[in-house]
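These numbers come from a predicted model, not from an experiment. Residue numbering restarts at 1 for every chain, and letters A, B, ... go by the order of the sequence lines.
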Amino acid sequence: MIQWDAATIKQFQDTLLGWYDAHGRALPWRRDHAPYHVWLSEVMLQQTGVQTVIPYYERWLAHWPTLTDLAAADEAAVLKEWAGLGYYSRARNLLKTAQIITQERGGQWPTTAAGLKQLPGIGDYVAGAVASIAFGEPVPAIDGNAYRVFARLLLIDTDIRSGAAQRVFRAAITPLIPQDRPGDFNQAVMDLGSSYMTAKHPDSAHSPVAAFDAAYQQGVTDQYPVKSAKKKPVAKTYTALVLTTPDGQAVWQQRPSRGLLASLWTWPLLTGDQRAATVPELLTQLAAAHAITMASAAVLRDQSVGAGSVTHVFTHQHWTVYLRHLTLAAPTALPANARWLPLAQQTLAEPTLQRKMAAYYNKNKTD
DNA sequence: CAAGCGTGGGA
DNA sequence: TTCCCAAGCTT
C-alpha cells in the first residue's frame, strides 16, 4: 500500500475537487444538503443504480415532502411506494428512523456519523455520507466506488468483501479528507468511480487523478480492487395458484414479516412443481402452507397457465415458478394475511416477482 | 462473520 | 445462459 506525503495529499485534494466543481453530476439529491434528502438518496442508492433510483426518489418526495410527513405514514404505504426497488428492509428502516427522529428526538438529526449509525438502516457508509454531506463532518463514506478508487490509487490489496476491508480503507482514506469540504470530497470519489474509474472498462488514462493512480501507472488496474467471488444462487421451484372467482376477484397472500420479500403481497405460492397435482392435492397444500381452506367441490375450473414458467433471480436464490389457475364458484373466508382483491389490484405492495407472474398470466390465460 | 436480503442492466 | 456489477445493512 502507498502512503502519500502532505504535499501530495494537498495536490490530490485540489485536483479532485477542482474536477468535481467543473464536472460533478447534477443529481436530484444534490439540489441541497438537507439531511432528509441526503439520507433518503443514500439509502435508495444502496446496491442500486442511479438511473433506477431517480424516479423513485422524485415520487417519494412528492408523496412525503418532509421527514415529518414520512414519520406519519403507514408501513403499507411505504412498502407500496418502495415496491420494485428491492431490499425491502430499507423501506421499513426509513420509516422507523423517521419516527425516531420525529417522535423521540424532537425532529433533530444526530449530526455525527457515530450518532447517525445508531439509527435503523444506517451503517458505516450512510452514516459517513450524511455526516459529511449534510453536516460537514470530515469522515469517509466508503461504498463500492471508494473501495475501487482507493484500491487503485493506493494499491490496497485487501479483499473488499472481507471483514477487514472497512478498517483498512478507513485508515487509508481518512487522512486524505479535506477538513473544509468532506462532503464534496466523498461525492467526488463517487463520481470518479462511476465515470473514469469504473469496475469494467475504466478510462484511467483520461482520469483527472491519473497522476495519482498507482495501479494505472504500473499497468495493473485490472487487478484492483481485490474482490472475492459470490456464491451461485440456489435453484428453487414453486407453483403459484391463481385463485379467482368468475367475476375476477383473486386471492392475495401477504408474505411473513421477516425474510425474503417480507410483508409484500403475491398470489399464493406452493413449493415445488405442482403442474401434475390434482385439485384436492393443491387445496391440501394451500391449507398447510397458507391456512387458506377451500372445499374442492367449489372449484369450477382447473387450468394450467402457459407451457413454461416464470423465472426470477434473487441475490441467493434462482426461482422457477409455474402457474395454475383455479376458478371458484364464490369467495371463501380467508385468514388475516390473505385477501380477495381484483386480479389486477393496485392497492398492495407487489414485488417484481408478482409483476412478472401477472404479466405471464395475462399473456397465457385461456378463457 | 458468513449469510440473507432485490432488482435491472450489460458483456 | 451466465456472470458480474450498482452510493450496504442486519443478524
Pairing donors with acceptors under 3.5 angstrom, does anything connect the side chains of [X] and [Y]?
X: A/Gln317; Y: A/Trp319; answer: yes
X: A/Ser309; Y: A/Tyr360; answer: no
X: A/Gln99; Y: A/Glu104; answer: no
X: A/Thr237; Y: A/Asp273; answer: no

Query raised in the report: Under 3.5 Å, is there a donor-acceptor pair between the side chain of A/Tyr56 and the main chain of A/Ala83?
Result: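 A pair under 3.5 Å: yes.
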**Report entry** Under 3.5 Å donor-acceptor, A/Ser132 side chain and A/Gly136 backbone
**Finding:** no
Report task. Determine the interatomic distance between C1' on B/dC5 and the same-named atom on C/dA6; round to the nearest Å. Result -> 15 Å
Query - Whole-Å C1' distance, C/dA7 and B/dA2 - result: 23 Å
Query raised in the report: Under 4.0 angstrom, heavy atoms only, what part of the nucleic acid is A/Asp124 near: base, sugar-phosphate, or nothing?
Result: sugar-phosphate
Query raised in the report: Within the structure shown, what part of the strands sits under 4.0 Å from A/Val126 by heavy-atom distance: base, sugar-phosphate, or nothing?
Result: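 Sugar-phosphate contact only.
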Query - A/Leu270 side chain reached by A/Tyr238 side chain, heavy atoms, under 4.5 Å - result: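 No, their side chains stay 4.5 Å or more apart.
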Between protein and nucleic acid, restricted to nucleotides 9-11 of chain B and to nitrogen or oxygen atoms under 3.5 Å apart, what atom pairs and distances do you find?
none

Query raised in the report: Please, which pairs that meet ring pair (Phe, Tyr, Trp, His ring centres under 6.0 Å) have at least one residue in residues 180-201 of chain A, sequence neighbours excluded?
Result: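 Qualifying pairs: none.
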Report task. Determine which pairs satisfy ring pair (Phe, Tyr, Trp, His ring centres under 6.0 Å) with at least one residue from residues 330-359 of chain A, sequence neighbours left out, and list them in order. Result -> none
Query - Side-chain-base donor-acceptor pair under 3.5 Å for A/Thr352 and B/dG8 - result: no
Query - Which residue lies more 5' along DNA chain C, comparing A/Asp191 with A/Lys117 via nearest heavy atoms - result: A/Asp191
Query raised in the report: Which residue, A/Lys232 or A/Val50, contacts DNA chain C at a nucleotide closer to its 5' end, judged by nearest heavy atom?
Result: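 The answer here is A/Lys232.
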Check nucleotides 2-5 of chain B against the protein and report each pair of N or O atoms closer than 3.5 Å, with its distance, or say if there are none.
unit_1: B/dA3; atom_1: OP1; unit_2: A/Lys231; atom_2: NZ; d: 2.6
unit_1: B/dA3; atom_1: OP2; unit_2: A/Lys231; atom_2: NZ; d: 3.1
unit_1: B/dG4; atom_1: N7; unit_2: A/His316; atom_2: NE2; d: 3.3
unit_1: B/dC5; atom_1: OP1; unit_2: A/Leu260; atom_2: N; d: 3.2

What pairs of donor and acceptor atoms, side-chain ones from residues 118-125 of chain A against any protein atom, are under 3.5 angstrom apart with sequence neighbours left out?
unit_1: A/Gln118; atom_1: NE2; unit_2: A/Ala114; atom_2: O; d: 3.4
unit_1: A/Asp124; atom_1: OD1; unit_2: A/Lys117; atom_2: NZ; d: 2.8
unit_1: A/Tyr125; atom_1: OH; unit_2: A/Glu42; atom_2: OE1; d: 2.5

Could you list the donor-acceptor pairs under 3.5 angstrom formed by side chains in residues 44-55 of chain A, with sequence neighbours left out?
unit_1: A/Thr48; atom_1: OG1; unit_2: A/Met44; atom_2: O; d: 3.4
unit_1: A/Thr48; atom_1: OG1; unit_2: A/Gln46; atom_2: O; d: 2.8
unit_1: A/Thr48; atom_1: OG1; unit_2: A/Arg90; atom_2: NH1; d: 3.3

Could you tabulate the donor-acceptor pairs under 3.5 Å formed by side-chain atoms of residues 254-266 of chain A, not counting sequence neighbours?
unit_1: A/Gln254; atom_1: NE2; unit_2: A/Ser263; atom_2: O; d: 2.9
unit_1: A/Arg255; atom_1: NE; unit_2: A/Leu260; atom_2: O; d: 3.0
unit_1: A/Arg255; atom_1: NH2; unit_2: A/Leu260; atom_2: O; d: 3.1

Query raised in the report: For A/Asp14, which residues count as a salt bridge (charged side-chain N to carboxylate O under 4.0 Å, His left out) partner, sequence neighbours excluded?
Result: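 So A/Asp14 forms a salt bridge (charged side-chain N to carboxylate O under 4.0 Å, His left out) with A/Lys10.
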Query raised in the report: For DNA chain C, what residues of residues 133-150 of chain A have any heavy atom nearer than 4.0 Å?
Result: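 Hits under 4.0 Å, by residue number: A/Asp143, A/Gly144, A/Asn145, A/Arg148.
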Query raised in the report: Quick one, which residues of residues 12-43 of chain A touch DNA chain C with a heavy atom under 4.0 Å?
Result: A/Arg25, A/Leu27, A/Trp29, A/Arg30, A/Glu42
Query raised in the report: Could you give the CG-to-P distance, from A/Leu45 to B/dT7, as a whole number of Å?
Result: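 In whole Å, B/dT7 P and A/Leu45 CG are 17 Å from each other.
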Query - Rounded interatomic separation in angstrom, taking CH2 from A/Trp82 and C1' from B/dG6 - result: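 Rounded to the whole Å, the gap is 11 Å.
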Query raised in the report: What pairs with A/Thr244 under side chain to side chain donor-acceptor pair (under 3.5 Å), at least two apart in sequence or on another chain?
Result: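 A/Thr244 satisfies side chain to side chain donor-acceptor pair (under 3.5 Å) with A/His325 only.
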Report summary line: Counted 5' to 3', the first and last nucleotides of DNA chain C within 4.0 Å (strictly under) of a heavy-atom of chain A are C/dC3 to C/dT10
Requested in this report: Find the distance between CZ (A/Arg148) and CD1 (A/Ile156) and round it off to the nearest 0.5 Å.
Outcome: 13.5 Å
Query raised in the report: Looking at A/Asp213, A/Ile173, A/Ile2, which hits side chain to side chain contact (heavy atoms under 4.5 Å, CB included) with A/Leu153?
Result: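 With A/Leu153 as partner, A/Asp213, A/Ile173, A/Ile2 yield a single side chain to side chain contact (heavy atoms under 4.5 Å, CB included), made by A/Asp213.
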